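Each chain gets a letter, A, B and so on, in the order its sequence line appears, and its residues count up from 1. These figures come from a predicted structure and were not determined experimentally.
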2 protein chains.
Amino acid sequence: MTYAKNDVFTPDLQELAAFAKVLAHPARLAILDYLAGQEQCISGDITSEIPLSRTTVSQHLQELKNAGLIHGTVSGTRIYYCLEQEKIGELKVRMHSFMEKLASAKTECSI
Amino acid sequence: MTYAKNDVFTPDLQELAAFAKVLAHPARLAILDYLAGQEQCISGDITSEIPLSRTTVSQHLQELKNAGLIHGTVSGTRIYYCLEQEKIGELKVRMHSFMEKLASAKTECSI
DNA sequence: GTTTTATGACGCAAACATACGACATTTATT
DNA sequence: AATAAATGTCGTATGTTTGCGTCATAAAAC
């Protein structure tokens, strides 16, 4: 989760990069996408939705959880996962404002 | 740039993940940020802005170029890099629409 | 209380990414 | 032509991520 020379950059960029890294795997995007599509929070049949081994999916879930983007509620032997809207919102805003900054750059790129 | 079992996911998710991966390193964010802040496209004094070796920065620039987010124009011994607004715009839109989808999910997460 | 079910934790191999020095190339300057 | 400047390319060491099997655990069903 941390790179060797990371601490050389501003916390802001580091955090955004860390967020981006969580999104940088199709399985994790697929999990988020799936959770967003469910009315009710469904437990580990996420596992059957994602074409990877149960262990691997569980690992991706863990990463999403560590990033604060989802949370799980234990109920018996099952765990109900769902999106953590507060964090999702934060990520959305930060990512978008970074992209806006790029998009509104002058780019007077003629020489 | 490609993961082992990537091809198991939809192209849409794969592409978004690939974009996210490019953003998943503070050095690359810092480069984009720096380019956005310049009125004129400045060449490899990006290198002196980023606290990593010239070679490493060059490598990150290469990745941004491969992703289509920047391009470089050769002029003598120098190269002028700048943001590729079209691609930036595409990324912005796609990322945002994904995040919107997540953010507008019901998340009826009580059991 | 034993078995089944659902799940996490651990460990490991293979694939990838990062960082950098040394060398190559190409244009500018002298 | 010889040298200097600005870059890219290659090779390589080290670190990180991915994917998975095996084992551990804990609640449910029998």
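In this structure a side-chain-to-backbone donor-acceptor pair under 3.5 Å is missing from A/R28 to B/A17.
Atoms CG (A/L61) and C1' (C/dA9) sit 14 Å apart, rounded to a whole Å. Look at CZ on A/R54: it is 8 Å from P on C/dG8, rounded to the nearest Å. Atom C1' of nucleotide D/dG8 and atom OH of B/Y80 are separated by 17 Å, given to the nearest angstrom. Atom-to-atom, CG of A/L23 to P of D/dT17 comes out at 15 Å; the value is rounded to the nearest Å. Between A/I70 atom CD1 and C/dT7 atom P there is a gap of 13 Å when expressed in whole angstrom units. When rounded to the nearest whole Å, the span between CG of A/N66 and P of D/dT17 equals 12 Å. Rounded to an integer number of Å, the gap from B/I50 CD1 to C/dA19 P is 11 Å. Taking atom CD1 on A/I46 and atom P on C/dA6, their separation rounds to 14 Å, with Å as the unit.
Among the nucleotides D/dT16, C/dT7, D/dT7, the one closest to any side-chain atom of A/R78 is C/dT7. Taking only side-chain atoms of B/R28, from C-beta outward, the nucleotide of C/dA28, C/dT18, D/dC20 with the closest atom is C/dT18. Checked against D/dT17, C/dA28, D/dC23, the side chain of A/K21 finds its nearest nucleotide in D/dT17. Nearest to the side-chain atoms of B/T56 among the listed nucleotides C/dC23, C/dA19, D/dC20 stands C/dA19. Listed nucleotides: D/dT18, C/dT7, C/dT27. Nearest to the side chain of A/E63: D/dT18. For B/L52, the listed nucleotide lying nearest its side chain is C/dA19; candidates were D/dG8, D/dT7, C/dA19.
To the nearest 0.5 Å, the span separating NZ on B/K92 from CD on B/Q85 amounts to 9.0 Å.
Scanning both residues, B/V22 and B/A67, for their nearest heavy atoms gives CG2-CB, 3.7 Å.
When the side-chain nitrogen and oxygen atoms of A/Y81 are compared with OP1 and OP2 of C/dG8, one or more of them lie within a distance under 4.0 Å. At the phosphate of C/dC20, OP1 or OP2 sits under 4.0 Å from a side-chain N or O atom of B/S53. In terms of phosphate contacts, A/S58 brings a side-chain nitrogen or oxygen within less than 4.0 Å of OP1 or OP2 of C/dG8.
Place A/H60 and B/T55 on DNA chain D by their nearest nucleotides, and B/T55 ends up nearer the 5' end. When each of A/Q59 and B/Q62 is assigned the nucleotide of DNA chain D with its nearest heavy atom, B/Q62 is the one assigned upstream, toward the 5' end.
Each of B/L83, B/I70, B/L23 was evaluated against B/L64; a single residue qualifies, B/I70, per the side chain to side chain contact (heavy atoms under 4.5 Å, CB included) test.
Using cut-offs of 30° and 60° for the angle between ring planes, the B/H25 and A/F9 rings count as perpendicular.
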